[in-house]
Amino acid sequence: MRMLRISRFFLLPVLLLGLGAACSSHHSDPNSVSSPPAITVQPVNTATVTGRSVSLSVTATGASTPQFPLSYQWAKDGLDILGARAATFTLYSPNPQDSGSYTVTVTNAVSSITGSPAILTVAAAVTFQSAVGVVSDALGNLYVSDANNHAVWKVDPANQKTLLAGSPGLPGSADGQGSNAQFRNPGSLALDPAGNLVVADTGNDTIRRIAPDGSVTTLAGSPGVPGSADGIGTQARFNAPNGIAVDGSGTVYIADTQNHTIRRMATDGTVTTYAGAAGQPGLVNGANASALFNQPNGLALAPDGTLVVADYGNSCIRALSPAGQVSTLAGSGTSGFADGAGAGAIFYWPVGVAVDASGTIWVADTHNHAIRKILPDHTVSTPAGTGGSLGNVDGTGTTARFYLPCGIATTPSGNLIVADTYNHILRVVTPAGVVTTLTVP
């Protein structure tokens with residue numbers, strides 16, 4: 001009987017293959033079918049504010065097959081969160097009630113493991129439906145026009161928000177006190193020398209006044225009757241007025257936006273057209289009626305009496321001297337984003353302006369989602385935000401993000417308050433460009 005002989009050349013690869021398999025069995029493969037889940041990067045403690053999205057994440061290894069993939073389940077304060085079954089859990093519009101201890105359990109076919117708790121803190125921001133106008137008094141109180149909510153609010157130095165006047169959610173036109181009054185899409189605000197709040201009631205085509213006790217009266221215009229007419233009180237006509245400024249004598253300046261003019265109301269209620277030509281948009285410098293604007297919006301008075309105008313439709317910042325001479329401070333009529341001097345700077349449909357004690361002009365460059373700064377030599381820079389990059393981020397300089405900011409005001413402390421309209425919050429901006437959100441202590 002012949003015996004089968006095995007070549008040593010055949011046997012050697014088999015032995016080597018077996019040896020390799022034996023050696024590999026001494027190393028742990030985290031993705032083998034028998035590997036339990038392991039968390040390699042734990043979720044971390046995180047803080048945010050009302051409405052600002054926030055995410056918690058975990059990184060894990062372990063056996064994962066099509067039949068039994070690595071799975072996740074997030075829990076808040078020990079209770080599972082419905083649908084939170086990914087490695088990253090995001091709250092897109094958090095509120096203070098979302099604060100708590102969050103954990104994630106990772107599971108595969110072998111076993112489960114629960115990670116270390118991560119504490120989420122959601123600070124309560126002072127929120128509005130659509131804040132568009134803001135002004136600060138000498139005591140640090142803030143007044144905010146909430147356009148689409150048809151109301152005007154007061155925020156005291158302790159950041160407590162109370163209704164000053166208007167019926168939230170109910171548009172109309174009614175004089176009265178507090179919630180008995182009605183507005184329709186109120187725009188910019190200004191304080192007069194007596195401490196009254198003057199309101200451009202944009203949707204009603206009127207100019208209103210709110211006394212410190214919340215009593216509302218109509219100063220000029222006829223509710224719901226747009227037009228362009230000079231006259232006293234109800235004889236005057238406006239067309240969607242938005243910007244408001246008041247000088248030390250009590251004279252009111254009005255950006256009559258859709259008439260493309262700047263109006264002036266004397267203390268006796270007489271309204272005249274100060275600059276621009278009704279129904280004629282354009283970008284022309286000159287004296288009074290020879291000048292042209294295109295949907296002028298925010299107004300602010302400089303220490304020397306110059307009226308600064310956010311010329312929205314022209315994407316530039318204009319100046320109206322006490323003598324009635326109109327000039328262009330910065331921008332050239334082109335929409336975009338660029339820092340520079342005078343006409344070399346570019347804005348994108350700016351709405352709000354403010355002037356500090358030094359004569360520096362601050363601009364809510366609305367569609368650039370940025371805060372711009374104009375020095376007395378007309379040099380333009382961007383202390384906060386980045387042109388064209390929207391968001392909701394606190395930070396310094398270009399790291400901060402806004403979303404269509406409309407209103408801007410200086411405060412007694414030297415900071416700025418910005419009505420960050422589409423983020424529904426107020427932001428505090430220091431002259432150095434440090435941005436924080438106004439929150440309830």
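Positions are given from 1, in the same order as the sequence printed here. Note that this is a predicted model, so its numbers are computed, not measured.
D394 pairs in a side-chain hydrogen bond (donor to acceptor under 3.5 Å, both in side chains) with only one of the listed residues (T437, T48, T399), which is T437.
To the nearest 0.5 Å, atom CZ of residue R372 and atom CD1 of residue I408 are 12.0 Å apart. Here the CG-CG distance, from L189 to L197, works out to 5.0 Å after rounding to the nearest 0.5 Å. Here CG of D339 is found 11.5 Å from NZ of K373. Values are rounded to the nearest 0.5 Å. Between the CD atom of Q182 and the CG atom of N204 there is a distance of 9.0 Å, given to the nearest 0.5 Å. How far CG of D230 is from OG1 of T272: 6.0 Å, rounded to the nearest 0.5 Å. Atom CD1 of I361 is separated from atom CG of D356 by 9.5 Å, given to the nearest 0.5 angstrom.
With no hydrogens or angles considered, no side-chain donor-acceptor pair links T411 and S136 at under 3.5 Å. Side-chain contact check for T105 and T114: at least one donor-acceptor pair (N or O, by modelled atom type) lies under 3.5 Å. T218 and D175 form a side-chain donor-acceptor contact under 3.5 Å, judged by distance and modelled atom types alone. A side-chain donor-acceptor contact under 3.5 Å links N285 and R318.
With hydrogens and angles disregarded, a donor-acceptor distance shorter than 3.5 Å links the side chain of T386 to the backbone of T398. Within the 3.5 Å criterion, the main-chain N or O of G221 finds no donor-acceptor partner in the side chain of T234. No side-chain donor-acceptor contact under 3.5 Å links N108 to the backbone of L70. No side-chain donor-acceptor contact under 3.5 Å links N149 to the backbone of S130. Listed for the T46 side chain is a donor-acceptor partner under 3.5 Å among the backbone atoms of V44. Between the side chain of T40 and the backbone N or O of T59 there is at least one donor-acceptor pair closer than 3.5 Å. With D365 contributing its side chain and A370 its backbone, the two residues share no donor-acceptor pair below 3.5 Å. In this structure, the side chain of H150 does not engage the main chain of G169 through any donor-acceptor pair within 3.5 Å. No donor-acceptor distance shorter than 3.5 angstrom exists from the side chain of S101 to the backbone of I119, with no hydrogens or angles considered. Remark: side-chain polar atoms of N242 are not paired, donor with acceptor, to backbone N or O of G298 under 3.5 angstrom.
When side chains are defined from C-beta on, V252 counts as touching I244, because their heavy atoms get closer than 4.5 Å. Proximity of N185 to N148: side-chain heavy atoms (C-beta onward) are separated by under 4.5 Å at one or more points. Put simply, the side chain of L163 reaches to within 4.5 Å of the side chain of P168, judged on heavy atoms. Side-chain atoms of N297 and W349, non-hydrogen and from C-beta on, never get closer than 4.5 Å to each other. A heavy-atom distance below 4.5 Å is found between the side chains of N392 and I425. Looking at heavy atoms from C-beta onward, L416 lies in side-chain contact with T410 at the 4.5 angstrom threshold. With contacts defined as side-chain heavy-atom distances shorter than 4.5 Å, the pair V429/W362 does not qualify. Taking 4.5 Å as the limit, every side-chain heavy atom of V122 sits out of range of all side-chain heavy atoms of L91.
Scanning both residues, R401 and R427, for their nearest heavy atoms gives O-NH1, 3.0 Å. Nearest heavy-atom pair across I262 and L320 is CG2-CD2, 4.1 Å. Minimum interatomic distance between N314 and F293 (heavy atoms only, all atoms of both residues): ND2-C, 4.0 Å. Across all their heavy atoms, P241 and I254 have their closest contact at CB-CG2, 3.8 Å. Between H260 and P296, the shortest heavy-atom contact is CA-CD, 3.7 Å. The shortest heavy-atom contact between A131 and A419 is O-CB, 3.6 Å.
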**Q.** Steps toward side chain to side chain contact (heavy atoms under 4.5 Å, CB included) verdict (I346, F337)
**A.** CA-CA 5 Å; I346 305 177; F337 178 80; 5.7 Å; no
(Q) Checking Y143 against L164 for the side chain to side chain contact (heavy atoms under 4.5 Å, CB included) test, could you report, in this order, the C-alpha distance in whole Å, the side-chain angles of both residues, the deciding distance, and whether it holds? (A) CA-CA 8 Å; Y143 302 91; L164 181 64; 3.9 Å; yes
Q. Passes side chain to side chain contact (heavy atoms under 4.5 Å, CB included), L283 versus T328? Steps please.
A. CA-CA 9 Å; L283 177 54; T328 301; 4.1 Å; yes
Q) What do the steps show when you test R184 against S173 for side chain to side chain contact (heavy atoms under 4.5 Å, CB included), and what is the final call? A) CA-CA 7 Å; R184 186 182 296 274; S173 181; over 6 Å; no
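A perpendicular orientation is assigned to the rings of F128 and W153, their planes being inclined by more than 60° (bins at 30° and 60°).
Taking a 6.0 Å sphere around OH of Y422, one finds it holds 12 or fewer heavy atoms contributed by other residues, nucleotides or ligands.
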